[in-house]
Amino acid sequence: MKIENSIIHVILTGGVGSRLWPLSRKSMPKQYLEIFEEKSLFEMTVERNANLADKVMVVGNIDNCHLSEKVMKKLGKDYINIVESTPRNTAAAIAFAAFASQSDDILIITPSDHIIDEMDKYNEAIKNAITKASEGYIVTFGIVPTKPETGYGYIESKGDDVVSFREKPNSVTAKSFIAQGNFLWNSGMFCFKAGVLLDELKAYQPEVYEKSKKAWENNKNGNLNLDLSLDIPSISIDYAVMERSKKIKVVPAAFAWSDLGSFESVYDYLITKGHFVDKFGNMVIGSDKHTTFLGLKNTIFVYTDTANLILQKENSQDVKDLYGELESKNSELLN
């Protein structure tokens, strides 16, 4: 089947990665950290999709667009640059990408901070999604879960139909999802025709649609006006469209996937790449200095020039609370 329109890879680069503080800072969010095989997650995201799309579009913000530009120059890639003046969540970010495209263009939306392995399965899932998108569906990617993870949202599915979207569960609920066998991790990746997405956004969130459209129409070389942007309701694409539209399909995907949203997931990933852990499961991240752990198990020591973090691996999700405390004090340690 020949698809005549452009296929555009849209990379969303918002977000700081607060659960990876102190590695991840406002001046250097996690997607730009070069701790993954000497490349950043953003760079890996661009390369992963290079053969699947005709064009690349980067939706970033005023604080990180220079970091994206540096990577794109390094890779020698042309791209369409959309710069948000203030974060307005994923519904607006995706709307801007759709407004910047032709109505029949197929957009593959990916976050910039995921790790994906098993590229054959990934490419197969993308091609499957493009086919469904060309038929007028909005496709979400559901990852076949490998464990009862509480850090992800879930998609309840029946074949390629979505029964429901579920928030991040507690451990009891997560175990019941896995036992039922028809729940997938919500990857935050999507595929659709630009016009189809905009029609659904207009139907279910007309205010987000109209105000995003106004902000886009007044953009200057992809840079969005601050006052017009502040007027846009801050709503996720899941809430705005995915949980409401009747045009949603899910592609169950069996590729290895992680959003590296916590030090526990970074720890697990680094182990697969041969990163050193001692016999009690202790790991150092960010320093080559000899470090000895006495009487400790499964401890992660995170080193940076201005702040260190020592945590039990199973307390990884609590780093977000620590970040919140520092934010409330307007701490320099977040910059």
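Each residue takes its place number in the sequence, starting with 1.
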* To do: Could you check if a side-chain atom of Asp268 sits within less than 4.5 angstrom of a side-chain atom of Glu264, using non-hydrogen atoms only?
  => yes

* Determine whether Asn81 and Glu69 make a side-chain contact, defined as any pair of heavy atoms from C-beta on separated by less than 4.5 Å. => no

* Determine whether more than 12 heavy atoms belonging to other residues, nucleotides or ligands lie under 6.0 Å from atom OH of Tyr239. => no

* **Closest contact, heavy atoms only, Lys168 versus Gly153** => CG-N, 3.8 Å

* When you check the gap from the basic side-chain N to the acidic O, do Glu207 and Lys211 get nearer than 4.0 Å? -> yes

* Answer yes or no: is there an ion pair linking Lys249 with Asp161, defined by an N-O contact shorter than 4.0 Å? => yes

* CG-CZ distance between Leu198 and Phe99, expressed to the nearest 0.5 angstrom -> 4.5 Å

* Phe183 CZ to Tyr154 OH distance, which is reported to the nearest 0.5 Å -> 9.5 Å

* With a 4.5 Å heavy-atom cut-off, do Thr306 and Pro22 have their side chains touching? -> no

* To do: Kindly check if the number of other-residue, nucleotide or ligand heavy atoms within 6.0 Å of NZ (Lys273) is above 12?
  => yes

* To do: Determine whether the aromatic ring centres of Trp257 and Tyr152 lie less than 6.0 Å apart.
  => yes

* **Which atom of Ala91 lies closest to which atom of Val208, heavy atoms considered** => CB-CG1, 4.2 Å

* Asked: Taking the side chain as C-beta and beyond, is there a heavy-atom pair between Cys191 and Ile126 under 4.5 Å?
  -> no

* For the residue pair Tyr32 and Ser68, confirm or rule out a side-chain donor-acceptor distance under 3.5 Å. => yes

* Applying side-chain contact (heavy atoms from CB on, under 4.5 Å) between Phe190 and each of Val139, Ile94, Ile248, report the one that passes. => Ile94

* If Ile, Leu, Val, Met, Phe, Trp and Tyr residues are connected whenever their side-chain heavy atoms lie under 4.5 Å apart, and connections chain through other members, are Leu75 and Val58 in the same group? -> yes

* Should the pair Phe255 and Tyr122 be assigned to parallel (<30°), tilted (30 to 60°) or perpendicular (>60°) ring geometry? -> perpendicular

* Asked: Same cluster for Ile115 and Ile285 if Ile/Leu/Val/Met/Phe/Trp/Tyr side chains link at under 4.5 Å?
  -> yes

* Has Lys320 got more than 12 heavy atoms of other residues, nucleotides or ligands less than 6.0 Å from its NZ? -> no

* Asked: Is a donor on one side and an acceptor on the other found under 3.5 Å between the side chain of Asn223 and the backbone of Val83?
  -> no

* Phe96 versus Ile232: any side-chain heavy-atom pair under 4.5 Å? -> yes

* Structure fact -> Residues Gly151 and Gln317: closest non-hydrogen pair is CA-NE2, 4.2 Å

* Search all heavy atoms of Asn219 against all heavy atoms of Gly222 and return the closest pair with its distance. => OD1-N, 2.8 Å

* Could you grab the distance from atom CD1 of Ile8 to atom CD1 of Ile80, nearest 0.5 Å is fine? => 5.0 Å

* Asked: Does CD belonging to Glu210 count more than 12 external heavy atoms closer than 6.0 Å?
  -> yes

* Okay, side chain of Gln31, backbone of Thr13: is any donor-acceptor separation there less than 3.5 Å? -> yes

* Asked: How many angstroms lie between CG in Asn49 and CD1 in Ile11, if you round to the nearest 0.5 Å?
  -> 7.0 Å

* Between the main-chain N or O of Lys313 and the side-chain N or O of Asn298, is there a donor-acceptor pair closer than 3.5 Å? -> no

* **Between CD1 on residue Ile109 and OG1 on residue Thr90, distance to nearest 0.5 Å** => 10.0 Å

* Asked: Can you check whether Val284's main-chain N or O pairs, donor with acceptor, with His275's side chain at less than 3.5 Å?
  -> yes

* Should we say atom CD of Glu314 is surrounded by more than 12 heavy atoms from elsewhere, each under 6.0 Å from it? -> yes

* Structure fact -> Closest non-hydrogen contact found for Trp185 with Lys147 is CZ2-O, 3.4 Å

* Asked: Under 3.5 Å, is there a donor-acceptor pair between the side chain of Thr110 and the main chain of Ile108?
  -> no

* More than 12 foreign heavy atoms under 6.0 Å from CD of Gln180: is that the case here? -> yes

* **Close side-chain approach of Arg25 and Leu334, heavy atoms under 4.5 Å** => no

* To do: Verify, without hydrogens or angle tests, whether Asn64 (side chain) and Leu67 (backbone) share a donor-acceptor contact under 3.5 angstrom.
  => no

* Report the C-alpha distance between Lys26 and Glu327 in whole Å, list the side-chain angles of each, state the deciding distance to 0.1 Å, and finish with yes or no for salt bridge (charged side-chain N to carboxylate O under 4.0 Å, His left out). => CA-CA 11 Å; Lys26 288 178 179 176; Glu327 200 163 36; 3.7 Å; yes

* To do: Verify the cluster assignment for Met189 and Leu107: are they in a single hydrophobic cluster under the rule of side-chain heavy atoms below 4.5 Å apart?
  => no

* To do: Return the minimal non-hydrogen interatomic distance between Leu20 and Leu260, and the atom names on each side.
  => CD1-O, 3.6 Å

* To do: Evaluate whether atom CG of Asn335 has more than 12 neighbouring non-hydrogen atoms of other residues, nucleotides or ligands under 6.0 angstrom away.
  => yes

* **Gap between atom OH of Tyr269 and atom CG of Asp117 - 0.5 Å precision** => 6.0 Å

* To do: Answer yes or no: is there a side-chain heavy-atom contact under 4.5 Å between Asn186 and Thr140?
  => yes

* Cationic N near anionic O, under 4.0 Å, Lys39 to Glu34 -> no

* Checking Ser245 side chain against Glu200 main chain: does a donor-acceptor pair fall under 3.5 Å? -> no

* Decide if atom CG of Asn170 counts as having more than 12 heavy atoms of other residues, nucleotides or ligands within a radius under 6.0 Å. => yes

* Are Val196 and Val162 connected, step by step, through hydrophobic side chains (Ile, Leu, Val, Met, Phe, Trp, Tyr) whose heavy atoms are closer than 4.5 Å? -> yes

* Salt bridge or not for Arg88 and Glu84, using N-O below 4.0 Å? -> no

* Asked: Just by distance, do the side chain of Ser85 and the backbone of Leu224 share a donor-acceptor pair under 3.5 Å?
  -> yes

* To do: Report yes if the side chains of Phe301 and Asn282 come closer than 4.5 Å at any heavy-atom pair, otherwise no.
  => no

* Asked: Out of curiosity, does Ile143 fall in the hydrophobic cluster containing Met119 (side-chain heavy atoms, cut-off under 4.5 Å, transitive links)?
  -> yes

